[in-house]
Amino acid sequence: MENLITLVNKLQRACTALGDHGEESALPTLWDSLPSIAVVGGQSSGKSSVLESVVGKDFLPRGSGIVTRRPLVLQLHRIDEGQEYAEFMHQPKKRFTDFAAVRQEISDETDRETGRSKQISTVPIHLSIYSPNVVNLTLIDLPGLTKVAVDGQHESIVQDIENMVRSYIEKANCIILAISPANQDLATSDAIKISREVDPKGERTFGVLTKIDLMDKGTDAVDILEGKSYRLQYPWIGVVNRSQADINKSVDMIAARRREREYFATTPEYRHLASRMGSEHLGKVLSKHLENVIRSKIPSLQALINKTIVELESELSRLGKPIAVDTGGKLYMIMEICRAFDQNFKERLDGVRPGGDKIYGIFENQLPAAMKRLQLDKNLSMENVRKLITEADGYQPHLIAPEQGYRRLIEASLVCVKGPAEAAVDAVHAILKELVQKSIGETTELKQYPTLRVEVVNAASESLERMKEESKKAVLQLVDMECGYLTVEFFRKLPQDIEKGGNPTHSIFDRYNDSYLRRIGSTVLAYVNMVCATLRNSIPKSIVYCQVREAKRSLLDYFFAELGGKEARQLSKMLDEDPAVMQRRTNLAKRLELYRSAQAEIDAVSWSK
Ligand SMILES: Nc1nc2c(ncn2[C@@H]2O[C@H](COP(=O)(O)OP(=O)(O)OP(=O)(O)O)[C@@H](O)[C@H]2O)c(=O)[nH]1
């Protein structure tokens, strides 16, 4: 039991410290899942007296009219030994051992928030009391309900107090301590009225009857205490607090408790109820009830903490790691981020992620279609063949075969292939650029650092540009190579020209007959087609070698080489994270730490059940 309530107190205080008790928080609040006990009653019903009696100390401000003007969240911590003391959350380092000073501080802190006016405020005062004479409990003392405004107060105060009280006790996890004076008709009890409103079945309401000793002679509270005149889910508990005369005479709490015990034990009407009457019994009943409630709540509390931890962790991982402080750390961080990007890019080329297949589309469709559209026979009209053959002959018509003529005709046709080859290089370049963009977009770490992102994009683009130029040179070279050296085999296999069809005695313009020239044309076309078939295969190989494979291998090599020479200041500039993000990460980490320790503690409690 001790563990449980200590845990509750700990978590509750921690959550309040983080401001985790308001609606502004996006996270579900622990505060809302933990039970608390609110003390509700009409003015002068004996509310402060009951609280003091449970605590066993004089410490609450007293006086006529509205004394309690702010909620007081009171946590009682049992300590095994030592001097009792109190601590306020708004003065964390100050220990109060003089309880008169505690009373004064409650009063002063109330005035600080509300001014010296008689206004009320919903901002609670948090007070912890550590004592060997208390049981672990968290109690909330609320301003007393009243029926009329006194001088200097706004008419709305009656309603304001009621609303504030309701805002606390309407929460499903609030256990209500409804205090009614026995010397007033129960039908007029403000406490019963408001608690019935928020807890109609009485599942979380404890009725406390005060001032039993002040009842008119000849009357008693037996019917109420036995639950006959007004039945509550839990039995009524009667108490006898110190009278005003006792307070004036400074009768201490211990003596008051002893007298209370004696009162119930010796008064004939109440003797049979003595074991379940009095302030001490009230404290024990409350503690036991709180324990039961918490036990039943542990699973949902664990679920809530675990869910919050997952949310905090995912939010933190979305924000990314914090920036390293030293140069080496920064360098390592940049390299890590770049590697993450590079990995993503490679996976696209290797087919682990989509996009790389588009390159094959260029080789399979675009390049062959473009080569097909070339109309290689455009240069091989009869006229053109005749012109090039005779020009190549020069002053001496060829004797066996028009060697030079063939070369010129083949070259003139093959040169056309350069267009589609360069277009294929450009198309692959465009795809690679697109893949870089996509990989940049998918590298979450880069979103965190806009400057680094720009630098990586620039470095990758420059590399791709360089590779494109190399690739163009290589494919053009392939075509030039085909023009520079013809495949002899092809020509050796041709049937030898037995009859050239030429007649040197004729004029230069009709030196060769049509069928001879047609044959040359078709031989050239057959040769060029054969070469094109080879180029259709070798151009993709060259492109992959110069661009794709190279991009996979060394996309950021230049960038890395330059990175090594950068100074700390330049590295910091690259990791220029938004300060708001840094602040958010720190806050989240602090919160996560709190929730983790809460998780460990509550797990330990649930295992020890
Ligand atoms: N004889 C006797 N007097 C009591 C008892 N309970 C409270 N009183 C007296 O009733 C007066 C009001 O008690 P408080 O405890 O101050 O009442 P309260 O509800 O806290 O009132 P506010 O703080 O003003 O809202 C005090 O003079 C107490 O001494 C009781 O059981 N018996």
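Numbers here simply count residues along the sequence, with the first being 1. In each ligand, atom 1 is the first atom listed, and ligand 1 is the first ligand listed.
- Close contacts of ligand 1 with S48, meaning ligand atoms under 4.0 Å from a residue heavy atom, involve 15 (O), 18 (P), 20 (O), 23 (O).
- Checked against a 3.5 angstrom limit, the closest N/O atoms of I247 and ligand 1 fall outside it.
- Checking E260, K211, Q244, Q43 against atom 10 (O) of ligand 1, the nearest heavy atom belongs to K211.
- A salt bridge links E162 and R166; the closest N-O separation between the charged side-chain nitrogens and carboxylate oxygens is under 4.0 Å.
- Using cut-offs of 30° and 60° for the angle between ring planes, the F206 and H289 rings count as perpendicular.
- Looking at S44 next to ligand 1, an N or O pair under 3.5 Å apart turns up.
- Within a 6.0 Å radius of OH in Y230, other residues, nucleotides and ligands contribute more than 12 heavy atoms.
- Under the 4.0 Å criterion applied to side-chain N and carboxylate O atoms, R69 and E113 are not assigned as salt-bridge partners.
- The ligand atoms of ligand 1 that sit less than 4.0 angstrom from a heavy atom of D213 are 1 (N), 2 (C), 30 (C), 31 (O), 32 (N).
- At least one heavy atom of G42 lies less than 4.0 angstrom from ligand 1.
- Residue V240 approaches ligand 1 through these ligand atoms, each under 4.0 Å from one of its heavy atoms: 31 (O).
- Of the charged side-chain nitrogens involved, at least one lies within less than 4.0 Å of a carboxylate oxygen, so that E313 and R596 count as a salt-bridged pair.
- Under a 4.0 Å criterion applied to the non-hydrogen atoms of L214, ligand 1 contributes the atoms 1 (N), 2 (C), 3 (N).
- If you look at R242 next to ligand 1, the close heavy atoms, those under 4.0 Å, all belong to the backbone.
- When the side-chain contact (heavy atoms from CB on, under 4.5 Å) test is applied to R318, the partners found at least two apart in sequence or on another chain are E315.
- By the 6.0 Å contact criterion, CZ on R231 is open, its count of non-hydrogen atoms from other residues, nucleotides or ligands being 12 or less.
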